[in-house]
Peer 1: 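Right, I'll just put the structure down here and ask away after.
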Amino acid sequence: MPEPLTLHPDRFFDPDPAIRRAARAIYEDTATLPIVSPHGHVDPALLAENQPFPEPTALLLTPDHYLFRMLYSQGIDFDALGIPRQGPEGDGQQANADPRAVWRLFCAHYHLFAGTPSRAWLDYELHDLFGVRVLPSAETADALYDQVAERLADDAFRPRALFDRFGIEVLCTTDAAADDLRHHAAIREDNAAGTWGGAVRPCFRPDAVMRIAHPNWRAEIEALEAASGIAIGSYADFVRALEDRRAFFKAMGAFATDHAVVVPRTGWAANVEALFVRALRDEATADDQAAFEAHFLMEMARMSVEDGLVMQLHAGSLRDHNRAVYDRYGLDKGADMPVTTEWTRNLQPLLNAFGNDPRFRLVAFTLDESTYARELAPIAGHYPALVLGPAWWFHDSIEGMLRFRERTTETAGFYNTAGFNDDTRAFCSIPARHDLARRIDATYLGRLVARHQVSLGEARRIGRALAYDLPRRAYRLAEAEAPFSSLA
């Protein structure tokens with residue numbers, strides 16, 4: 001007999017009865033709040049074109065590196081999973097893997113995800129979205145494929161219909177500096193015409209033009225020139241082109257920028273023009289790039305003060321660790337690995353320059369959990385400009401989110417954090433991820449209630465802030481700025 005798939009109403013709450021009662025009450029206040037998704041990687045074309053999802057594998061497996069990285073770790077080849085060969089040594093094609101065969105492979109290995117956040121998200125998606133009532137397995141794979149495929153053929157499962165069903169208030173994508181944002185333009189046209197009201201916003205991510213020693217940097221600069229209409233022959237030209245693109249993104253609805261670095265080093269470079277000239281000559285070294293990145297982050301902070309875009313900084317991820325996978329399949333294939341990260345000294349130049357300015361907002365994310373209590377919480381508990389982004393990548397999990405609250409709350413409190421964002425490419429996992437985060441925050445708050453550290457009424461107010469008010473506040477989505485204390 002197939003094993004049933006059930007979702008217990010108290011899942012992920014602490015088993016202690018007192019904590020569980022409080023967590024249940026707190027969660028009930030947040031469960032149906034709108035979803036604010038200020039950072040993620042959903043392709044805007046999905047919502048601009050609103051085409052039916054092709055079939056279950058392309059929807060649930062192919063875009064989710066949490067899933068295929070686990071399967072790969074067990075010896076299942078990416079070609080067998082139908083992952084496109086988009087790396088520098090790939091042929092750009094997708095292996096001729098039958099989607100149903102890939103789905104069977106996935107279901108036969110569903111047990112691998114036990115205890116992981118992926119399992120929590122998948123169970124939620126299958127149960128609540130697609131009406132699945134048996135666990136995926138080799139035995140149930142074909143029937144489940146047919147069931148999900150039948151649902152996807154219904155217009156109620158088109159991307160825009162699901163966006164509305166999920167209760168998404170705003171969804172941000174992640175877009176390169178030279179992106180023409182044509183899909184965002186199409187969505188805005190539909191908004192203006194009244195044919196769809198979904199709020200989908202771009203986010204300015206100029207990482208590719210920051211990495212001056214990368215082999216593709218010149219091509220990225222040429223794309224930036226074409227997009228801005230500014231010939232870039234000097235660092236000053238480069239700055240003007242970036243300011244132009246930021247203004248365009250803001251006009252298209254952007255409210256944030258995003259920057260990914262391994263080391264969050266900041267500081268003005270006295271020789272930045274010389275660094276840029278060497279890059280134009282294809283002579284930049286790794287040391288040149290490190291100095292340029294530090295300067296670039298200062299420049300982005302300066303621009304944020306002037307144009308009001310919230311600055312996000314993701315640090316501590318060594319990208320594409322597996323070179324063989326990168327060479328054949330390209331970026332974002334589940335091989336980004338955490339590294340030890342130092343924030344206190346590295347951020348000091350930026351925070352001394354801009355951290356006390358009320359016009360500046362910096363949301364910091366890390367993969368190095370050891371820095372939560374030692375560095376990031378104390379910094380966020382002091383500088384008005386800095387708020388802590390939620391547990392990210394490997395740590396947006398049951399235990400990871402609890403550890404985040406345990407290690408940051410006593411020093412930074414709740415109101416110096418940015419609530420939760422899902423950071424996902426897998427569109428259908430968005431409500432599952434937010435539901436899990438709300439349950440974990442309710443559990444943490446339930447502990448405080450059970451210890452009589454806060455009242456249940458206050459915990460409920462904090463729960464709402466974490467789920468809804470604080471993301472809006474951190475990313476300046478509220479119509480009128482208000483002190484954090486007004487959210488309590």
Side-chain angles (χ1 to χ4, degrees), residues 37 40-72 76-87 90-110 112-113 118-119 121-132 136-138 140-163 165-166 168 171 173-174 183 198 200 325 328-335 422-433:
S37 181
H41 302 275
V42 170
D43 186 347
L46 185 78
L47 292 155
E49 297 167 359
N50 198 35
Q51 295 300 310
F53 292 105
E55 48 80 30
T57 301
L59 173 64
L60 296 176
L61 178 61
T62 306
D64 196 336
H65 57 204
Y66 281 91
L67 301 185
F68 57 71
R69 75 183 303 271
M70 177 68 82
L71 297 173
Y72 182 77
I76 299 173
D77 187 79
F78 279 173
D79 280 350
L81 297 172
I83 305 301
R85 302 169 187 152
Q86 296 174 331
D91 56 17
Q93 301 300 309
Q94 188 165 358
N96 188 24
D98 172 52
R100 186 181 288 270
V102 174
W103 182 263
R104 288 172 182 154
L105 198 57
F106 165 58
C107 289
H109 292 83
Y110 200 73
L112 297 178
F113 301 100
S118 296
R119 175 63 178 271
W121 305 330
L122 285 165
D123 284 355
Y124 181 105
E125 291 173 66
L126 292 171
H127 186 279
D128 278 20
L129 186 56
F130 296 107
V132 170
S137 66
T140 63
D142 281 336
L144 294 186
Y145 186 93
D146 292 337
Q147 180 177 346
V148 175
E150 182 180 0
R151 293 290 181 97
L152 293 180
D154 191 320
D155 284 347
F157 283 79
R158 290 201 181 208
R160 289 184 177 185
L162 290 178
F163 186 103
R165 174 177 170 177
F166 294 163
I168 299 174
L171 174 72
T173 62
T174 300
H183 298 302
V200 183
V325 166
R328 188 169 192 184
Y329 300 99
L331 300 167
D332 302 318
K333 296 300 179 288
D422 47 79
D423 187 33
T424 187
R425 291 172 174 79
F427 179 65
C428 286
S429 75
I430 289 174
R433 293 174 190 236

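Only a predicted model underlies this, so the values are computations on that prediction, with no experimental measurement involved. Basis for what follows: all heavy atoms, side chains included, without hydrogens, waters or symmetry-related copies.
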Peer 1: Can you name the residues that form a ring-ring contact (aromatic ring centres under 6.0 Å, His included) with F53, not counting sequence neighbours?
Peer 2: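 Checked F53 against ring-ring contact (aromatic ring centres under 6.0 Å, His included); zero matches.
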Peer 1: Under the rule for ring-ring contact (aromatic ring centres under 6.0 Å, His included), what residues qualify as partners of H183, not counting sequence neighbours?
Peer 2: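 Checked H183 against ring-ring contact (aromatic ring centres under 6.0 Å, His included); zero matches.
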Peer 1: Could you list the residues that satisfy salt bridge (Lys or Arg N to Asp or Glu O under 4.0 Å) with D43, not counting sequence neighbours?
Peer 2: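 In terms of salt bridge (Lys or Arg N to Asp or Glu O under 4.0 Å), with neighbours along the sequence ignored, D43 is linked to no residue.
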Peer 1: Quick check: closest heavy atoms across A58 and E55, and the distance to 0.1 Å?
Peer 2: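 Closest pair (atom of A58, atom of E55, distance): N-OE2, 2.8 Å.
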Peer 1: For H109, what residues pass the ring-ring contact (aromatic ring centres under 6.0 Å, His included) criterion, not counting sequence neighbours?
Peer 2: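 Per chain and number, H109 pairs via ring-ring contact (aromatic ring centres under 6.0 Å, His included) with no residue.
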Peer 1: Test of understanding: with side chain to side chain donor-acceptor pair (under 3.5 Å), list the residues that count as partners of S37, not counting sequence neighbours.
Peer 2: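 Only D422 meet the side chain to side chain donor-acceptor pair (under 3.5 Å) criterion with S37.
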Peer 1: Kindly indicate, with the supporting measurements, whether the criterion side-chain contact (heavy atoms from CB on, under 4.5 Å) is fulfilled by I76 and F106.
Peer 2: CA-CA 10 Å; I76 299 173; F106 165 58; over 6 Å; no
Peer 1: Could you list the residues that satisfy side chain to side chain contact (heavy atoms under 4.5 Å, CB included) with Q147, not counting sequence neighbours?
Peer 2: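 Checked Q147 against side chain to side chain contact (heavy atoms under 4.5 Å, CB included); matches are V132, L144.
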Peer 1: Any side-chain heavy-atom pair from L171 and L47 closer than 4.5 angstrom?
Peer 2: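 Side chain of L171 against side chain of L47, heavy atoms only: contact under 4.5 Å found.
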Peer 1: Kindly give the heavy-atom pair with the smallest separation between F130 and L59, and that separation in Å.
Peer 2: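 It is CZ-CD2, 3.7 Å.
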Peer 1: Measuring from atom CZ of R433 to atom OG1 of T424, what distance do you get when rounded to the nearest 0.5 angstrom?
Peer 2: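 Those atoms lie 3.0 Å apart.
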Peer 1: Got Y145 and P99 here, is their nearest side-chain heavy-atom distance under 4.5 Å?
Peer 2: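 In contact.
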Peer 1: Taking all non-hydrogen atoms of both residues into account, name the closest pair between D332 and R425 and its distance.
Peer 2: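 Of all heavy-atom pairs spanning D332 and R425, the closest is OD2-NH2, 2.9 Å.
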Peer 1: With rounding to the nearest 0.5 Å, note down the distance linking CE in M70 to CZ in R119.
Peer 2: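 With rounding to 0.5 Å, CE (M70) is 11.5 Å from CZ (R119).
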Peer 1: Would you say the side chain of L71 lies within less than 4.5 Å of the side chain of F113, judging by non-hydrogen atoms?
Peer 2: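 A side-chain contact exists here, since the closest heavy-atom pair is under 4.5 Å.
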Peer 1: With R69, which residues qualify under side chain to side chain donor-acceptor pair (under 3.5 Å), at least two apart?
Peer 2: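 For R69, no residue satisfies side chain to side chain donor-acceptor pair (under 3.5 Å) once neighbours in sequence are set aside.
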Peer 1: With sequence neighbours excluded, what pairs up with S118 under the side chain to side chain donor-acceptor pair (under 3.5 Å) test?
Peer 2: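 Testing S118 for side chain to side chain donor-acceptor pair (under 3.5 Å), a comparison that skips the adjacent residues, returns none.
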Peer 1: Can F157 and R165 be said to form a side-chain contact (heavy atoms from CB on, under 4.5 Å), step by step?
Peer 2: CA-CA 9 Å; F157 283 79; R165 174 177 170 177; 3.7 Å; yes
Peer 1: What closest approach, in Å, do P56 and A149 show between heavy atoms, and which atom pair accounts for it?
Peer 2: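 Of all heavy-atom pairs spanning P56 and A149, the closest is CG-N, 3.7 Å.
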Peer 1: Please report the C-alpha distance between D79 and R328 in whole Å, then the side-chain angles of each, then the deciding distance to 0.1 Å, and finally whether the side-chain contact (heavy atoms from CB on, under 4.5 Å) criterion is met.
Peer 2: CA-CA 10 Å; D79 280 350; R328 188 169 192 184; 3.1 Å; yes
Peer 1: List the residues meeting side chain to side chain donor-acceptor pair (under 3.5 Å) with Y110, not counting sequence neighbours, and say none if there are none.
Peer 2: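 Residues passing side chain to side chain donor-acceptor pair (under 3.5 Å) with Y110: D123.
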Peer 1: Determine whether L60 and W103 make a side-chain contact, defined as any pair of heavy atoms from C-beta on separated by less than 4.5 Å.
Peer 2: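 L60 reaches W103 side chain to side chain.
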Peer 1: Going by the rule side chain to side chain contact (heavy atoms under 4.5 Å, CB included), which residues pair with A101 if we only count those two or more places apart in sequence or in a different chain?
Peer 2: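 By the side chain to side chain contact (heavy atoms under 4.5 Å, CB included) rule, A101 matches D98.
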Peer 1: Report the C-alpha distance between V200 and V42 in whole Å, list the side-chain angles of each, state the deciding distance to 0.1 Å, and finish with yes or no for side-chain contact (heavy atoms from CB on, under 4.5 Å).
Peer 2: CA-CA 10 Å; V200 183; V42 170; over 6 Å; no
Peer 1: Got a second to check how far I168's CD1 is from R160's CZ, nearest 0.5 Å?
Peer 2: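 Those atoms lie 13.0 Å apart.
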Peer 1: Can you name the residues that form a ring-ring contact (aromatic ring centres under 6.0 Å, His included) with F78, not counting sequence neighbours?
Peer 2: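 With sequence neighbours excluded, F78 shows a ring-ring contact (aromatic ring centres under 6.0 Å, His included) to F68, Y72, Y329, given in chain and number order.
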Peer 1: If only atom types and distance count, is the side chain of T174 paired as donor or acceptor with the main-chain N or O of G40 below 3.5 Å?
Peer 2: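 Yes, T174 side chain to G40 backbone: donor-acceptor pair under 3.5 Å.
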Peer 1: How close do G82 and V102 get, counting heavy atoms only, and between which atoms?
Peer 2: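 Closest pair (atom of G82, atom of V102, distance): N-CG2, 4.2 Å.
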Peer 1: Which pairs with one or both residues in residues 148-157 pass salt bridge (charged side-chain N to carboxylate O under 4.0 Å, His left out), sequence neighbours excluded?
Peer 2: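 Qualifying pairs, neighbours excluded: D155-R158.
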Peer 1: Which pair of heavy atoms, one from T57 and one from P63, lies closest together, and at what distance?
Peer 2: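 T57 and P63 have their closest heavy atoms at O-CD, 4.5 Å.
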Peer 1: Let me confirm one number: the SG-CG distance from C428 to L126, rounded to the nearest 0.5 Å.
Peer 2: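 Interatomic distance, C428 SG to L126 CG, rounded to 0.5 Å: 10.0 Å.
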Peer 1: With side chains defined as the heavy atoms from C-beta onward, is the minimum distance between L129 and L162 less than 4.5 Å?
Peer 2: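 The answer is yes; the side chains approach within 4.5 Å.
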Peer 1: How long is the straight-line distance from CD of Q93 back to CD of Q86, given to the nearest 0.5 Å?
Peer 2: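 Q86 CD to Q93 CD: 10.0 Å, rounded to 0.5 Å.
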Peer 1: About how many Å separate CG of D423 and OG of S429, when rounded to the nearest 0.5 Å?
Peer 2: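 Going from the OG atom of S429 to the CG atom of D423 covers 10.0 Å.
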